[in-house]
Amino acid sequence: MHHTPRPCSVAIGLGSHDLGVADAAVDLYRRGMTPLIVFTGATSRTTRDRMPRGEAVHYRERALELGVPDSAVLVEPHARNTGENIRFSRALLEENGVDVSSVLLVSKPYEERRANATARKLWPGVEFVSASSPMTFEEYVASIRDDRLVIDMLVGALQRLMIYPDRGFMVADPVPGEVTAAYERLCRAGFTSRLVTDGRGVVGQ
C-alpha cells in the first residue's frame with residue numbers, strides 16, 4: 001500500500017504462518033507508533049503444526065520475548081479469516097474500552113492490500129494505515145523458506161481481492177491488467193492450492 005507508518009490508536013497484527021508479522025508490530029510499538037497491540041488469529045491448515053497454541057498466542061509470546069510488556073498486548077484467539085480478524089479485534093477493543101480512531105494494520109507484505117480493503121468494508125469511520133516488514137520479494141521468500149507456499153498464498157490473496165468485493169467482503173480495489181495477467185500465468189503454472197473454489201472449479205476463472 002506504500003503507507004508511511006504514523007502514530008495510531010492501536011496496531012492489529014493479523015495471524016498467519018509468518019511470525020515476522022509479530023516482529024513488525026513490535027517494531028512499530030518500539031518506535032512509539034502505538035501504545036497497544038492486538039494479535040488476532042486461531043489456527044489453520046498452514047499453522048496448526050508450527051503454531052499449535054494458535055497464531056495470536058504465538059505472536060504474543062514473540063512480542064513478550066522481544067520486550068513488549070504484557071499490559072500492551074491483547075489476544076484475540078478465535079478468528080479464522082481476515083474478516084473475522086477485523087470484526088473480532090474490533091469487538092475485543094470495544095470490550096476493553098479502547099477508543100479507536102486509527103489502526104496500524106500489520107500483515108504479511110503481500111496481504112496489505114487485501115487486509116486494507118477488508119478492514120475498510122467492515123470498520124467504517126476508522127483510518128487504516130497498512131504496515132508490514134519492509135523487504136523485497138526475494139528476501140521475503142528466503143525468510144519463509146518455502147517458495148511454493150509463498151507463491152500459492154500470494155495467488156490466493158490476489159484472487160480474493162478480485163472476487164470478494166462482489167460478495168460484500170471488502171471494498172473494491174482495482175487490479176491492474178499486468179497484475180491480472182501475472183495471476184493468470186501463475187494459475188496456469190499450477191500455483192492454485194489457495195484458490196477459492198465452489199465445488200465446480202476455481203471461482204473467478
Side-chain angles (χ1 to χ4, degrees), residues 1-44 46-47 50-135 140 143-144 157 169-171 173:
M1 298 293 291
H2 304 292
H3 290 173
T4 300
R6 67 167 185 80
C8 289
S9 308
V10 63
I12 298 178
L14 305 181
S16 74
H17 63 90
D18 182 4
L19 204 57
V21 175
D23 291 354
V26 169
D27 178 65
L28 291 164
Y29 175 83
R30 285 175 170 170
R31 291 163 57 192
M33 296 292 175
T34 183
L36 179 67
I37 303 171
V38 174
F39 290 126
T40 168
T43 57
S44 68
T46 309
T47 61
R50 68 184 74 186
M51 297 182 183
R53 294 183 298 284
E55 297 155 7
V57 172
H58 282 266
Y59 278 18
R60 172 186 173 275
E61 291 170 353
R62 176 64 171 167
L64 299 186
E65 176 186 313
L66 294 174
V68 178
D70 184 65
S71 59
V73 181
L74 293 176
V75 169
E76 185 295 295
H78 304 295
R80 295 187 180 278
N81 56 56
T82 307
E84 289 185 352
N85 287 142
I86 302 304
R87 291 192 290 107
F88 295 174
S89 295
R90 179 181 183 180
L92 178 64
L93 289 162
E94 290 174 352
E95 290 167 11
N96 282 270
V98 180
D99 184 27
V100 177
S101 60
S102 56
V103 172
L104 282 162
L105 197 59
V106 189
S107 67
K108 302 187 293 296
Y110 62 83
E111 289 281 5
E112 275 195 23
R113 194 166 296 276
R114 182 166 77 97
N116 186 281
T118 303
R120 286 156 53 206
K121 176 71 176 184
L122 299 178
W123 201 347
V126 168
E127 181 179 0
F128 291 96
V129 178
S130 294
S132 61
S133 295
M135 58 179 68
Y140 185 78
S143 75
I144 300 300
F169 296 162
M170 63 175 66
V171 300
D173 194 343

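- Within the 3.5 Å criterion, the main-chain N or O of Thr43 finds a donor-acceptor partner in the side chain of Arg80.
- Between the side chain of Tyr59 and the main chain of Ser16, a donor-acceptor pair closer than 3.5 Å is present.
- Using a 4.5 Å heavy-atom cutoff, the side chains of Leu66 and Tyr29 are not in contact.
- Put simply, the side chain of Arg50 does not reach to within 4.5 Å of the side chain of Leu19, judged on heavy atoms.
- In this structure, the side chain of Ser102 engages the main chain of Ser9 through a donor-acceptor pair within 3.5 Å.
- Looking only at distances, no side-chain donor or acceptor of Thr82 sits under 3.5 Å from a matching main-chain atom of Ala115.
- The shortest distance between side-chain heavy atoms of Val103 and Val38 does not fall below 4.5 Å.
- Taken to the nearest 0.5 Å, the CE atom of Met170 stands 10.5 Å off from the CD1 atom of Ile86.
- Atom OG1 in Thr40 sits 10.5 Å away from atom CZ in Arg87 (nearest 0.5 Å).
- Taking each heavy atom of Gly15 and Glu55 in turn, the nearest pair found is C-OE1, 3.3 Å.
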* To do: Give the C-alpha distance, both sets of side-chain angles, the deciding distance and a yes or no for salt bridge (Lys or Arg N to Asp or Glu O under 4.0 Å) between Asp18 and Lys108.
  => CA-CA 7 Å; Asp18 182 4; Lys108 302 187 293 296; over 6 Å; no
* List the steps and the verdict of salt bridge (Lys or Arg N to Asp or Glu O under 4.0 Å) for Arg114 and Asp173. => CA-CA 8 Å; Arg114 182 166 77 97; Asp173 194 343; over 6 Å; no
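- Here the shortest heavy-atom pairing between Ser132 and Pro109 reads OG-CA, 3.5 Å.
- Side-chain contact between Leu104 and Met33: present, with at least one pair of heavy atoms (C-beta onward) separated by less than 4.5 Å.
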* Does the pair Asn81 and Thr118 meet the rule for a side chain to side chain contact (heavy atoms under 4.5 Å, CB included), with working shown? -> CA-CA 10 Å; Asn81 56 56; Thr118 303; over 6 Å; no
* To do: Give the C-alpha distance, both sets of side-chain angles, the deciding distance and a yes or no for side chain to side chain contact (heavy atoms under 4.5 Å, CB included) between Glu127 and Cys8.
  => CA-CA 9 Å; Glu127 181 179 0; Cys8 289; over 6 Å; no
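- Inter-residue side-chain proximity for Tyr140 and Ile144 is flagged as met; some heavy-atom pair is nearer than 4.5 Å.
- Remark: Leu122 CG to Phe88 CZ distance equals 11.0 Å, nearest 0.5 Å.
- Counting heavy atoms from C-beta on, the side chains of His3 and Leu105 never come closer than 4.5 Å.
- Using a 4.5 Å heavy-atom threshold, the side chains of Leu93 and Leu36 count as touching.
- For the pair Arg60/Asp70, a side-chain contact is recorded, criterion being any heavy-atom separation below 4.5 Å from C-beta on.
- Nearest approach of Arg90 to Pro124, heavy atoms of both residues: NH1-CD, 4.4 Å.
- A donor-acceptor pair is defined here as one N or O able to donate and one able to accept, closer than 3.5 Å; no such pair exists between the side chain of Glu76 and the backbone of Ser89.
- Considering all non-hydrogen atoms of both residues, Pro77 and Ala56 come closest at CA-CB, 4.4 Å.
- Between the side chain of Asn96 and the backbone N or O of Leu92 there is at least one donor-acceptor pair closer than 3.5 Å.
- Between the side chain of His58 and the main chain of Arg53, a donor-acceptor pair closer than 3.5 Å is present.
- Closest approach of Ala11 and Thr34 over heavy atoms only: N-OG1, 3.2 Å.
- Closest non-hydrogen pair, Ser107 versus Val21, comes out as C-CG2, 3.7 Å.
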